[in-house]
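Inspection log for the structure reproduced underneath, given as structure tokens.
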Amino acid sequence: FGFIHESIRQLICRNYGEETWLQVLEKSGFENGKENIVNHYYSDTDTYVLVDSVSLVIKVTKDQVWEMYGAFLITYSMEIGWDELVRSMSPNLKGFLDNLDSLHYFIDHVVYKANLRGPSFRCEETSDGSLLLHYFTGRPGLYHIVKGVVREVAKRVFDLDINLIVQGRTQRSVHMNNGERVEEHVVFLIKNVGDPRRDSEGSEMSLLTSTNANFPEILDDTLGMSLSDFSRALPYHFIIDESCKLVQCGSELHNHIPNELLQPGTPILRIFEINRPQIPLDFENICNFINAVFVLQVKTSPLKKRHMDAMNQEELKEEMDALDDDPSNELTQGHHLKLKGQMMLLSSKKYIIYLCSPYVTSINELMQYGMRLTAMPLHDATRDLILLNQQRLTDVEVNLQLEANNEQLDSMTKELELERQKTDSILRDMLPKRIAQQLLSGEHIEACEHEATVMFCDLPTFQQTILQCPPKDIVNMLNDIFRKLDRIIVIRGVFKVETVSDSYMAVSGIPDYTPEHAENMCHVALGMMWEARSVVDPITKTPFLLRIGLHSGTIIAGVMGTKSPKYCLFGETVTLASQMESQGMAGKIQCSKWTYQKAMETGRFEFSSRGRIPVNQRGQTETYFLTRSLKKSIWEIIDHERDVNVNSIEGYEELETSIENVTIKSAIRPDQRHSAACTIS
């Protein structure tokens, strides 16, 4: 079990350091962190390899490693919470060792709910006050662990200084239902080499062996109860002789086992299968493991019992012979009652009594065996255990339902959070980030006046294209162009206001003012012009050319609507920017003189003057065409790496050349364009 590996790790790290443990892992082939998973089952081979590696690294024998581990196991177990239990087990060392089997059973079945194969311990007192400890194990060679464990318990719990000597060590082959195994029997002589302890009244008290109570002398040893009374008082007990044949049994066993099998002289192996401890069910082995918790299972099912009880003598004889021929065939049919309890050697040393109760923990199990609570005597704690466990199961069921509801609630909460994030993301795409955050926080947003640069752009040839293309192709084409334009918007940090048909509107400098608003928008316009040329007009088979207009000035901006809020711009600046676009030219970026002046204040650009054009409400207005940036290359604006083998350093030569080629084709080949359009139609 992984707890053993963790104990070994703690032992080495505390006494030899982390580096030594890493060397052990390297030599044993374990991955760091995978060797000590507490609730994980490791094969015996893994543990032996680990101990062999420890022995080689710290340069001591394997037997010494096991003895060190045994002593440290007690220390470590008491540190991590087992201290009170260990100290409360017995007032003397003999009682402690005699109860180790039951402690192993508790750890195995209650703490870890496992089916581990542990050792067994049995003590005998000698005439000189010393102890003989009998140690039985299915893992030969590990008795050095016992030496470390017993010495440390004697020292830490009972303040005893003991001498531990191996008196004998034998091995034998044991035949089990699942095969053959080797069982080792080691006998230790335990002597106290220190001064005997005295209690507060000055009388000697033995912390090594048990102290016999001074019972009054029994003058009449006649049992004051009949066999029938005894059978009802202990309804599930049975007594066997040295041949492991039934002598007597409790009254309730007749409700689960055919009467023919409960006759005195019936071999116990005909009636029961042993589940725990994993030993052959014979008198000698029972005596060796007398301190263990015994779990026996009835071989016949309730259905088989009813069937056998209805048989005549001849049929019963045939059935009994069949059971002898194949004693395990019944365990696969129906529900078979299990009994749990202790074996006790009677004073004559010729008989063993099994004191037990049904191994039942819930009402459901009770019903499966066809039993009721009245089948348990009032003095039997199993009755209370079933009722308490039923309450616990009810609580567990309620808790499981609560956990299921909590999981469902958590799942719904996560889904709602995802939907909220989607909604928030959409809102942040629809509005500037700061404005969106204010709306999400429930703040009121006042309309404000800003100094900004507004841009409009469209596709001059779009109206001709939509007449000759399917709607689906039109949508795909616009989506392709706008996706490319959106990427430039995000890179340069300006706000996309809206798109209507083929018209695209953006603004720079709001809601957070930046003095470079005109410069930023000029870079956006150059990047958009470059990106649009990568989309081909399906009619003319030439790259699309944008028509872009920019104007800088004062605008009013605010959020309109509540169900589908929009960030709207108002003012003459918006109107003039729209006219810069509508009166512009395909493949050109037309700017008002106010944008020209603002852009040159913070950036460096190359403009060409277009001259004065009529503008509504402004009369003749000076305008300019933006041709290139002297501060940033096209590659920096669009955030693409330049192909040094193909592209120029700045990229503006390619942009100008492509615009000129499209313009020339549009001017000299109208007949071919018309012919192509007819073909597509």
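Every value quoted in this text rests on a predicted model; they were computed, and no experiment measured them.
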Polar side-chain atom of [X] near backbone of [Y] as donor-acceptor pair, under 3.5 Å:
X: Ser7; Y: Phe3; result: yes
X: Lys541; Y: Pro538; result: yes
X: Asn647; Y: Asp643; result: yes
X: Ser534; Y: Glu531; result: yes
X: Glu636; Y: Ser633; result: yes
X: Asp502; Y: Leu459; result: yes
X: Asn476; Y: Lys472; result: yes

Run Phe456 and Asp458 through side-chain contact (heavy atoms from CB on, under 4.5 Å) and show every step you take. CA-CA 7 Å; Phe456 282 91; Asp458 68 352; over 6 Å; no
With the threshold set at 4.0 Å, does a side-chain nitrogen-carboxylate oxygen contact exist between [X] and [Y]?
X: Arg14; Y: Glu79; value: yes
X: Asp83; Y: Arg87; value: yes
X: Lys414; Y: Glu417; value: no

Do the side chains of [Y] and [X] get nearer than 4.5 Å, heavy atoms only?
X: Cys457; Y: Arg547; answer: no
X: Leu655; Y: Met529; answer: yes
X: Lys27; Y: Leu25; answer: no
X: Arg628; Y: Phe605; answer: no
X: Ile80; Y: Tyr76; answer: yes
X: Glu581; Y: Leu550; answer: no
X: Tyr652; Y: Thr627; answer: no
X: Met528; Y: Ile489; answer: yes

Interatomic spacing from [atom1] in [X] to [atom2] in [Y] - rounded to 0.5 Å:
X: Ile555; Y: Glu572; atom1: CD1; atom2: CD; answer: 13.0 Å
X: Leu73; Y: Leu11; atom1: CG; atom2: CG; answer: 10.0 Å
X: His551; Y: Leu576; atom1: NE2; atom2: CG; answer: 4.0 Å
X: Leu409; Y: Leu416; atom1: CG; atom2: CG; answer: 9.0 Å
X: Thr621; Y: Asn616; atom1: OG1; atom2: CG; answer: 9.5 Å
X: Ile634; Y: Ile637; atom1: CD1; atom2: CD1; answer: 4.5 Å

Establish, from distance only, whether the side-chain atoms of [X] and [Y] form a donor-acceptor pair under 3.5 Å.
X: His450; Y: Thr554; value: no
X: Gln401; Y: Asn405; value: yes
X: Gln23; Y: Glu19; value: no
X: Ser658; Y: Arg533; value: yes

Under the criterion side chain to side chain contact (heavy atoms under 4.5 Å, CB included), which of Leu467, Ile466, Thr465 is the partner of Ile539?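 Between Ile539 and the candidates, side chain to side chain contact (heavy atoms under 4.5 Å, CB included) is satisfied uniquely by Thr465.
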I'd like to know whether [atom1] of [X] has more than 12 heavy-atom contacts from other residues, nucleotides or ligands below 6.0 angstrom.
X: Gln620; atom1: CD; value: yes
X: Ile649; atom1: CD1; value: no
X: Glu653; atom1: CD; value: yes

Parallel under 30°, tilted from 30 to 60°, perpendicular over 60°: which one fits the rings of Phe482 and Tyr504?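 Rings of Phe482 and Tyr504: tilted, 30 to 60°.
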Just grab all the salt bridge (charged side-chain N to carboxylate O under 4.0 Å, His left out) pairs involving residues 41-54, residues at least two apart or on different chains.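 The answer is Asp44-Arg139, Asp52-Lys62.
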Any chance you could lay out the side-chain contact (heavy atoms from CB on, under 4.5 Å) test for Val54 and Ile12, step after step, and finish with the verdict? CA-CA 8 Å; Val54 170; Ile12 300 304; 3.5 Å; yes
Intermediate values then yes/no, side-chain contact (heavy atoms from CB on, under 4.5 Å), Ile613 and Val615: CA-CA 6 Å; Ile613 62 171; Val615 175; 4.2 Å; yes
Could you walk me through whether Gln464 and Gln468 pass the side chain to side chain donor-acceptor pair (under 3.5 Å) check? CA-CA 7 Å; Gln464 290 76 29; Gln468 304 175 61; over 6 Å; no
Are His523 and Ile491 close enough, and set up right, to give a side-chain contact (heavy atoms from CB on, under 4.5 Å), and what steps lead you there? CA-CA 10 Å; His523 285 141; Ile491 292 173; over 6 Å; no
Closest non-hydrogen atom pair, Val524 against Ile488: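 Looking at all heavy atoms of both residues, the shortest contact is O-CG2, 3.9 Å.
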Among residues two or more places apart or on two chains, list those pairs meeting side-chain hydrogen bond (donor to acceptor under 3.5 Å, both in side chains) that have a residue in residues 505-520.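 Every side-chain hydrogen bond (donor to acceptor under 3.5 Å, both in side chains) pair that includes a residue of residues 505-520, provided the two are not neighbours, is Arg434-Asp512, Glu451-His517, Thr453-His517, Thr514-Glu516, Glu519-Thr602, Glu519-Lys631.
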